[in-house]
Amino acid sequence: MRLTKRGEYALRTLIRLGIAERQNEGVISVSTLAEQEHLPFKFLEAILFELRTAGYVESMRGKYGGTRLAKPMKAIKMGEIVRLIDGKLAPIGCASETEYEKCSCPDETHCGLRMLMIDVRNAIANILDKYTLENVVEVTLRKQLQCATGKKPAKKKAGSPKHADPADGFLAVLLDSKE
């Protein structure tokens, strides 16, 4: 599975709308969303159209119009959004539950690669389907608070690279705030 830019932008948009809801900001204009998230305006409009059609967001017209969530954050599973925007979660077609494609393997039933990729798909699905938009918004706000207060996660190693540090992962932030 590879999250496309479209999928990434859709998730970032929903997270921003969730933060706005949590902070009682009301509706957010598409231009404000595009500016805050550094997203191409026209691309964002197309993504919002898709999210609106699927019932995840709603638009308000008028001078003070904009976009807001149409469902409660706890009712929006992250896996639903990824599947809506990017399709299958499986790395290869023959491991997909929702978009199965016959592969070129001569013995698909006994193929070790397929079995491994089914496990990869299941791991991805289990994580994405476990967490809701509410969980992700909560973790985002906790991380922002940690950074604003100068609190460093206990597990982060000195001198570790800024990118892909396990201490910056979703579960690390979630568990750090519960300790």
Side-chain angles (χ1 to χ4, degrees), residues 1-39 43-44 47-60 64-89 120-158 160-179:
M1 178 212 137
R2 176 145 174 89
L3 190 64
T4 64
K5 284 288 184 194
R6 186 177 190 83
E8 177 191 342
Y9 293 175
L11 293 171
R12 285 177 39 203
T13 298
L14 287 172
I15 292 165
R16 179 64 191 100
L17 291 173
I19 290 170
E21 181 178 297
R22 181 68 65 86
Q23 297 176 338
N24 297 316
E25 293 178 29
V27 297
I28 301 178
S29 72
V30 178
S31 59
T32 300
L33 268 172
E35 183 181 314
Q36 289 176 340
E37 291 298 317
H38 306 287
L39 304 177
F43 199 23
L44 180 57
I47 291 166
L48 286 169
F49 177 79
E50 195 168 353
L51 291 171
R52 188 172 47 253
T53 301
Y56 291 101
V57 300
E58 59 187 6
S59 297
M60 312 297 278
Y64 301 104
T67 303
R68 68 178 180 196
L69 294 174
K71 291 182 170 188
M73 287 188 277
K74 65 183 175 192
I76 302 173
K77 298 273 187 184
M78 301 311 287
E80 292 173 2
I81 304 304
V82 173
R83 286 183 191 93
L84 171 71
I85 304 296
D86 283 343
K88 66 183 180 186
L89 298 179
V120 169
R121 179 216 53 218
N122 290 342
I124 292 169
N126 287 337
I127 292 169
L128 290 175
D129 293 336
K130 178 179 179 179
Y131 295 107
T132 64
L133 179 59
E134 183 175 55
N135 300 130
V136 178
V137 166
E138 179 65 30
V139 166
T140 301
L141 292 171
R142 285 180 188 175
K143 184 67 174 184
Q144 288 174 349
L145 182 62
Q146 284 177 352
C147 290
T149 60
K151 183 181 177 219
K152 304 255 188 219
K155 298 172 187 152
K156 193 162 185 158
K157 298 173 188 168
S160 62
K162 180 65 182 144
H163 60 284
D165 187 332
D168 288 331
F170 185 84
L171 287 175
V173 174
L174 183 65
L175 296 174
D176 184 55
S177 63
K178 290 184 179 183
E179 291 175 351

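Fair warning: this is a prediction, and the values are worked out from it, not measured in the lab. Residue indices begin at 1 and follow the sequence shown.
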Fill in the blank from the handout: In terms of heavy-atom contacts, Leu44 and Ala34 come closest through CD2-N, 3.5 Å
Handout entry: Carboxylate-amine/guanidinium proximity below 4.0 Å for Arg22 and Glu138
Key = yes
Practice task
Could you check if a side-chain atom of Ile81 sits within less than 4.5 angstrom of a side-chain atom of Leu128, using non-hydrogen atoms only?
Solution key: no
Practice task
Could you pull out the closest heavy-atom pair between Thr67 and Ser59, with the gap in Å?
Solution key: OG1-OG, 4.2 Å
Handout entry: Pairing residues for Glu80 by the salt bridge (charged side-chain N to carboxylate O under 4.0 Å, His left out) criterion, not counting sequence neighbours
Key = none
Problem - Rounded distance [0.5 Å steps], NZ in Lys74 versus CG in Leu133 - result: 13.0 Å
Completion exercise
Ala125 and Arg83 have their tightest heavy-atom pair at CB-NH2, 3.6 Å
Completion exercise
Distance col, row Ile47:CD1 vs Glu8:CD, nearest 0.5 angstrom, shows 9.5 Å
Practice task
Taking the side chain as every heavy atom from C-beta outward, state whether Ile19 and Val137 have any atom pair closer than 4.5 Å.
Solution key: yes
Exercise for the section: Take Arg142 and Leu145 through the test side-chain contact (heavy atoms from CB on, under 4.5 Å) and record every step on the way to the result. Expected result: CA-CA 5 Å; Arg142 285 180 188 175; Leu145 182 62; 5.6 Å; no
Practice task
Check whether any side-chain heavy atom of Tyr131 sits under 4.5 Å from a side-chain heavy atom of Val139, and report yes or no.
Solution key: no
Exercise for the section: Compare all side-chain heavy atoms of Glu37 with those of Ile15 and state whether any distance is below 4.5 angstrom. Expected result: no
Handout entry: Interatomic spacing from CG in Asp86 to NZ in Lys5 - rounded to 0.5 Å
Key = 12.0 Å
Exercise for the section: Determine the minimum heavy-atom distance between Tyr9 and Thr13, stating which atoms define it. Expected result: O-OG1, 2.7 Å
Handout entry: Sub-4.5 Å side-chain heavy-atom contact between Leu3 and Leu11
Key = yes
Completion exercise
CD1 of Ile76 to CG of Leu51, rounded to nearest 0.5 Å, is 9.0 Å
Exercise for the section: Kindly check if the number of other-residue, nucleotide or ligand heavy atoms within 6.0 Å of CD (Gln144) is above 12? Expected result: yes
Exercise for the section: Grab the two heavy atoms, one from Ala10 and one from Ile85, that are nearest each other, plus how far apart they are. Expected result: CB-CG1, 3.8 Å
Exercise for the section: Report the distance from atom CG of Leu14 to atom NZ of Lys71, rounding to the nearest 0.5 Å. Expected result: 10.5 Å
Exercise for the section: Identify the two heavy atoms, one from Gly55 and one from Ala70, that lie closest to each other, and give their separation to 0.1 Å. Expected result: O-CB, 3.5 Å
Exercise for the section: For the pair Leu17 and Leu33, evaluate side-chain contact (heavy atoms from CB on, under 4.5 Å) and give the outcome as yes or no after the intermediate values. Expected result: CA-CA 9 Å; Leu17 291 173; Leu33 268 172; 4.0 Å; yes
Fill in the blank from the handout: The reported gap from CZ in Arg6 to CZ in Phe43 (rounded to nearest 0.5 angstrom) is 5.5 Å
